[in-house]
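Right, one structure below, let's go through it.
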Amino acid sequence: MPPEARAATAALARPRPQPASGAKPHVCFVAPTTWPVLSGDPSIRVVGGAEVQQSMIAPGLAKRGWRVSMISLDYGQPERVEVKGVTVHRIHKPDEGIPVLRFVHPRLTSMWRALKRIDADVYYQRTTAVETAYMAQYCRMHGKRSVFAGASDVDFVPGEEDIRFRRDRRIFQWGLARVDEVVVQNEVQRAALREHYGRDGILIPSCYAPPEGARRADPAGYVLWTARVGPSKRCEILFELARRLPRHRFVMIGGPDPGGEREAEYLRAMEEAKRSIPNLEVRGFVPFAEAERAFDGARLVLNTSAYEGFPNTFLQAWSRGIPTVGFIDTGSRRAGEPVYDIASDVEDGAARIDRLMSDDVYWHRASQRAAAHFAECHSIDAVLDAYERVLTVPAGGA
């Protein structure tokens, strides 16, 4: 057996270190791209569902008395800085290093040093990435606990993950099989995890807290679509719906990641839509805080994704009593009925949007249903209670 394997096996056999009696464990969020959302820096064009969730869960635990750390890429922030009770440790810059070689240095080396330097009791990482494997192996070798949280339904379907390189998919899959706990967002993810990895997931819904000053739904407002633009988000469906419903105003927020040919195609499509669909306002990328304010003027929120984990936009909407229309089924139910309108195709989606935008009685019922479901299932407190149970190091080791 190689020395590294012997060391890992020995680490697993040893009792894991425990926090002092009565103390809450030290948790570290391995969240390289979350700094822009956590800090509220409007100059950095990074925002996504996983980043939003971690920017709420980590400060929420800190408020409850947990010692919380976070590992972040270098976006120009100090090497170590505290934000909302979370101590953020900086690693390498997003594009630092020589292509191909940077996979090892600085990406692996700086991450490994940070994991060791922070020396937390439990490490938490969200979304498919090679960091899942780095975290899992580090924790096995050093007697720590590791928790992976899914962010999309395809995270648990080998070969379908939103990961560019086959090498990175294999590394992620290796890590997912070796973390101590897996958190899923819905029953679809739990079933896929069981089918493809032979292990059970812990279901914890996504959470959200409206910003101070957030307004309730605007009955005179617009149809809001907001997402990072990419193939799975299917913004072409948004364009078609806006064309079919010229008497309703649509607002599109979000832009493609810069750099590639596909991204350039989306930019061209957005420019064409801006010119040819007069009732569609295309705002492009805006910082998270500004996108939040766009919900205050919406009557309806639209999601056209082919798949999701759980859209943060639904939570942003429901917390304000804004009904939603989606082309996916998150499994959200109230008294056995879907919480929101689920469209089967573009024609059905257009009919549902038109009714919610035109029928005030129907809209008010949908608004009340969404707000009640949010309060019951997706509040910060309810979700943090669940995370505290998962992240607490069991007595006698994990």
For this session: May I ask whether Ile118 and Val30 are part of the same hydrophobic cluster, defined by side-chain heavy atoms of I, L, V, M, F, W, Y residues being less than 4.5 angstrom apart, directly or through others?
Result: yes
For this session: Mind checking side chain to side chain donor-acceptor pair (under 3.5 Å) for Arg190 and listing every partner two or more places apart, or none if nothing turns up?
Result: Glu187
Exercise. Can you list the residues that meet the side-chain contact (heavy atoms from CB on, under 4.5 Å) rule with Cys377, with sequence neighbours excluded?
Worked result: His373
For this session: Decide, yes or no, whether a salt bridge links Glu281 with Arg283 under the criterion of side-chain N to carboxylate O below 4.0 Å.
Result: yes
For this session: Would you mind checking if Asp385 and Arg389 are paired as a salt bridge, meaning a charged N to carboxylate O distance below 4.0 Å?
Result: no
Problem set entry | Residue list, side-chain contact (heavy atoms from CB on, under 4.5 Å) with Asp153, at least two apart or on another chain | Asn186, Val188, Gln189
Exercise. Who pairs with Asp354 by side-chain contact (heavy atoms from CB on, under 4.5 Å), at least two apart in sequence or on another chain?
Worked result: Leu245, Arg247, His248, Ser358
Exercise. So, Tyr123 side chain and Val147 main chain: donor-acceptor pair closer than 3.5 Å or not?
Worked result: no
Exercise. In this structure, are over 12 heavy atoms from other groups packed under 6.0 Å from Glu82 atom CD?
Worked result: yes
For this session: Examine distances only and state if a side-chain atom of Thr304 and a backbone atom of Lys233 form a donor-acceptor pair shorter than 3.5 Å.
Result: yes
Exercise. Between Glu161 and Gln173, does any side-chain donor sit less than 3.5 Å from a side-chain acceptor?
Worked result: yes
Problem set entry | Asp155 side chain to Ala151 backbone, donor-acceptor under 3.5 Å | yes
Exercise. Excluding sequence neighbours, so at least two apart, what forms salt bridge (Lys or Arg N to Asp or Glu O under 4.0 Å) with Arg333?
Worked result: Asp329
Problem set entry | side chain to side chain donor-acceptor pair (under 3.5 Å) involving Arg199 - partner list, sequence neighbours excluded | none
Problem set entry | Sequence neighbours excluded, every pair satisfying ring pair (Phe, Tyr, Trp, His ring centres under 6.0 Å) that has a member inside residues 155-189 | Phe148-Phe172
Exercise. Do Cys28 and Met70 have side-chain heavy atoms sitting under 4.5 Å apart?
Worked result: no
Exercise. Looking at side-chain heavy atoms only, is the closest gap between Arg164 and Asp168 below 4.5 Å?
Worked result: no
Seminar exercise, completed: With sequence neighbours left out, the residues meeting side chain to side chain donor-acceptor pair (under 3.5 Å) with Glu376 are Arg334
For this session: Return yes if some donor-acceptor pair links the side-chain N/O of Arg234 with the main-chain N/O of Ser305 below 3.5 Å, else return no.
Result: yes
Exercise. Taking 4.0 angstrom as the limit, do Arg169 and Asp162 come out as a salt bridge?
Worked result: no
For this session: State whether a side-chain donor-acceptor pair under 3.5 Å links Glu51 with Trp35.
Result: no
For this session: State which residue, out of Gln125, Arg178, Arg126, fulfils the side-chain hydrogen bond (donor to acceptor under 3.5 Å, both in side chains) condition with Thr132.
Result: Gln125
Problem set entry | Side-chain heavy atoms of Tyr340 within contact of Val325, under 4.5 Å | no
For this session: Could you tell me whether a side-chain N or O of Glu160 sits under 3.5 Å from a main-chain N or O of Pro158, the two making a donor and an acceptor?
Result: no
Exercise. What residues form a side chain to side chain donor-acceptor pair (under 3.5 Å) with Arg194, not counting sequence neighbours?
Worked result: Asp200
Exercise. What residue among Asp119, Asp121, Asp180 forms side-chain hydrogen bond (donor to acceptor under 3.5 Å, both in side chains) with Lys144?
Worked result: Asp119
Exercise. Among side-chain atoms of His26 and Ser69, is any donor-acceptor pair under 3.5 angstrom?
Worked result: yes
For this session: Sequence neighbours left out, what passes side-chain contact (heavy atoms from CB on, under 4.5 Å) with Asp218? Give chain and number order.
Result: Ala220
For this session: Run through Thr330, Asn303, Thr313 and flag the one making a side chain to side chain contact (heavy atoms under 4.5 Å, CB included) with Glu308.
Result: Asn303
Identify every side-chain donor-acceptor pair in residues 286-301 under 3.5 Å, counting partners at least two apart or on other chains, and give the distances.
unit_1 : atom_1 : unit_2 : atom_2 : d
Glu292 : OE1    : Tyr208 : OH     : 2.7
Glu292 : OE1    : Gln316 : NE2    : 3.3
Glu292 : OE1    : Arg320 : NH2    : 3.2
Glu292 : OE2    : Tyr208 : OH     : 3.0
Asp296 : OD1    : Arg215 : N      : 3.1
Asp296 : OD1    : Arg320 : NE     : 3.0
Arg299 : NE     : Leu356 : O      : 2.8
Arg299 : NH1    : Pro219 : O      : 2.5
Arg299 : NH1    : Asp360 : OD1    : 3.3
Arg299 : NH2    : Leu356 : O      : 2.8
Arg299 : NH2    : Asp360 : OD1    : 3.0

Problem set entry | Aromatic centroids of Phe310 and His378 separated by under 6.0 Å | yes
Exercise. With no hydrogens and no angle check, is any side-chain donor or acceptor of Arg352 less than 3.5 Å from a backbone partner on Ile342?
Worked result: yes
Exercise. Between Tyr134 and Val122, is there a shared hydrophobic cluster once you connect ILVMFWY residues whose side-chain heavy atoms come closer than 4.5 Å?
Worked result: yes
Problem set entry | Any pair counted as ring pair (Phe, Tyr, Trp, His ring centres under 6.0 Å), so long as it reaches residues 216-245, sequence neighbours left out | none
Problem set entry | Exam field: side chain Glu337 to backbone Ala335, donor-acceptor pair closer than 3.5 Å | no
